[in-house]
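Just below is one structure, and these are the notes that go with it.
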Amino acid sequence: MLALLPLPHLLLMAAVSTVVFCLAIDRWTKTRKLTVVLFVLCVGGCLGMIAVGRLQYQHWNARQMLVLYSFALIGLTIGLFPSRKLFLKYGDELRRGVKRDTYEYPARYQVVLYVSVVVMCLMAFILST
């Protein structure tokens, strides 16, 4: 259903999801370099998803992959929301020059992250076929 939208609408949806994700990370970590790196990775990931979709046996088209990308990125943003205070603390430590050997990410936050991304990917699959 969503894959039937015109390509500019899908590109806008992908751009909005990328901007929302990058703004959320920027607000939670207050680290511009990380935000720029994640923006570049998101754009590369989107292009990579489109390329991999074409190489698959099912031949997913660019429209379907843009829907999947947008939904997955919004799912990632939603999944990272509960851990925003932890990111703010780690970002503050990085700005002050404190280096840790390991950065702990509690299991309860991981579960929320995994569930939100999987649910959003399933929704994208259902809505794009």
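Computed from a predicted model, the values in this text were never measured in an experiment. Index from 1, following the sequence.
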key: Residues which pass salt bridge (charged side-chain N to carboxylate O under 4.0 Å, His left out) with R95, listed by chain and number, not counting sequence neighbours   = D92

Just list the side-chain donor-acceptor pairs under 3.5 Å for residues 37-50, sequence neighbours left out, or say none.
none

inquiry  = Please determine whether residues V112 and I25 belong to a single hydrophobic cluster, defined as Ile, Leu, Val, Met, Phe, Trp and Tyr linked transitively by side-chain heavy-atom distances below 4.5 Å.
reply    = no

ask   = So, does T77 use its side chain to make a donor-acceptor pair with the main chain of G75 at under 3.5 Å?
value = no

Close side-chain approach of K33 and V36, heavy atoms under 4.5 Å = no

inquiry  = Measuring only between side-chain heavy atoms, which start at C-beta, is S17 closer than 4.5 Å to Y69?
reply    = yes

key: ILVMFWY cluster, L122 and M120 together (side-chain gap under 4.5 Å)   = no

message = For a 4.5 angstrom cut-off between non-hydrogen side-chain atoms, does E93 reach K89?
response = yes

inquiry  = Apply the hydrophobic cluster definition, ILVMFWY joined by side-chain contacts under 4.5 Å directly or through others, and give me every member besides L55.
reply    = none

inquiry  = Are V67 and L5 packed together at the side-chain level, in the sense that at least one heavy-atom pair is separated by less than 4.5 angstrom?
reply    = no

inquiry  = Do C121 and V117 have side chains that approach each other closer than 4.5 Å (heavy atoms only, starting at C-beta)?
reply    = yes

query = Side chains of Y103 and L94: does their closest heavy-atom pair fall under 4.5 Å?
reply = yes

task = Kindly work out whether a path of hydrophobic side-chain contacts (I/L/V/M/F/W/Y, heavy atoms less than 4.5 Å apart) joins Y90 to V98.
result = no

task = Using the rule that two of Ile, Leu, Val, Met, Phe, Trp, Tyr join whenever any of their side-chain heavy atoms come within less than 4.5 Å, decide whether F21 and V118 are in one cluster.
result = no

task = Determine whether L76 and L113 make a side-chain contact, defined as any pair of heavy atoms from C-beta on separated by less than 4.5 Å.
result = yes

inquiry  = Restricting to salt bridge (charged side-chain N to carboxylate O under 4.0 Å, His left out), what partner residues turn up for R108, sequence neighbours left out?
reply    = none

ask   = Do you know which two heavy atoms are closest between L88 and K30, and how far apart they sit?
value = CD1-CE, 4.0 Å

task = Rounded to the nearest 0.5 Å, what's the gap from CG on D26 to OG1 on T31? Could you check?
result = 8.0 Å

Indicate every side-chain donor-acceptor pair of residues 78-87 with a distance under 3.5 Å to a residue at least two apart or in another chain.
residue : atom : partner : partner atom : Å
S83     : OG   : L80     : O            : 2.9
S83     : OG   : Y105    : OH           : 3.1
R84     : NH1  : F81     : O            : 3.0

key: Exceeds 12 heavy-atom contacts within 6.0 angstrom, atom CZ of R96   = yes

query = Linking Ile, Leu, Val, Met, Phe, Trp and Tyr by side-chain heavy atoms under 4.5 Å, what else ends up with L4?
reply = none

key: Inter-residue atom distance H9.NE2 - R63.CZ, 0.5 Å rounding   = 11.0 Å

task = Kindly work out whether a path of hydrophobic side-chain contacts (I/L/V/M/F/W/Y, heavy atoms less than 4.5 Å apart) joins V115 to L73.
result = yes

task = Grab the two heavy atoms, one from Q64 and one from A3, that are nearest each other, plus how far apart they are.
result = CG-CB, 3.9 Å

ask   = Side chains of L2 and F71: does their closest heavy-atom pair fall under 4.5 Å?
value = yes

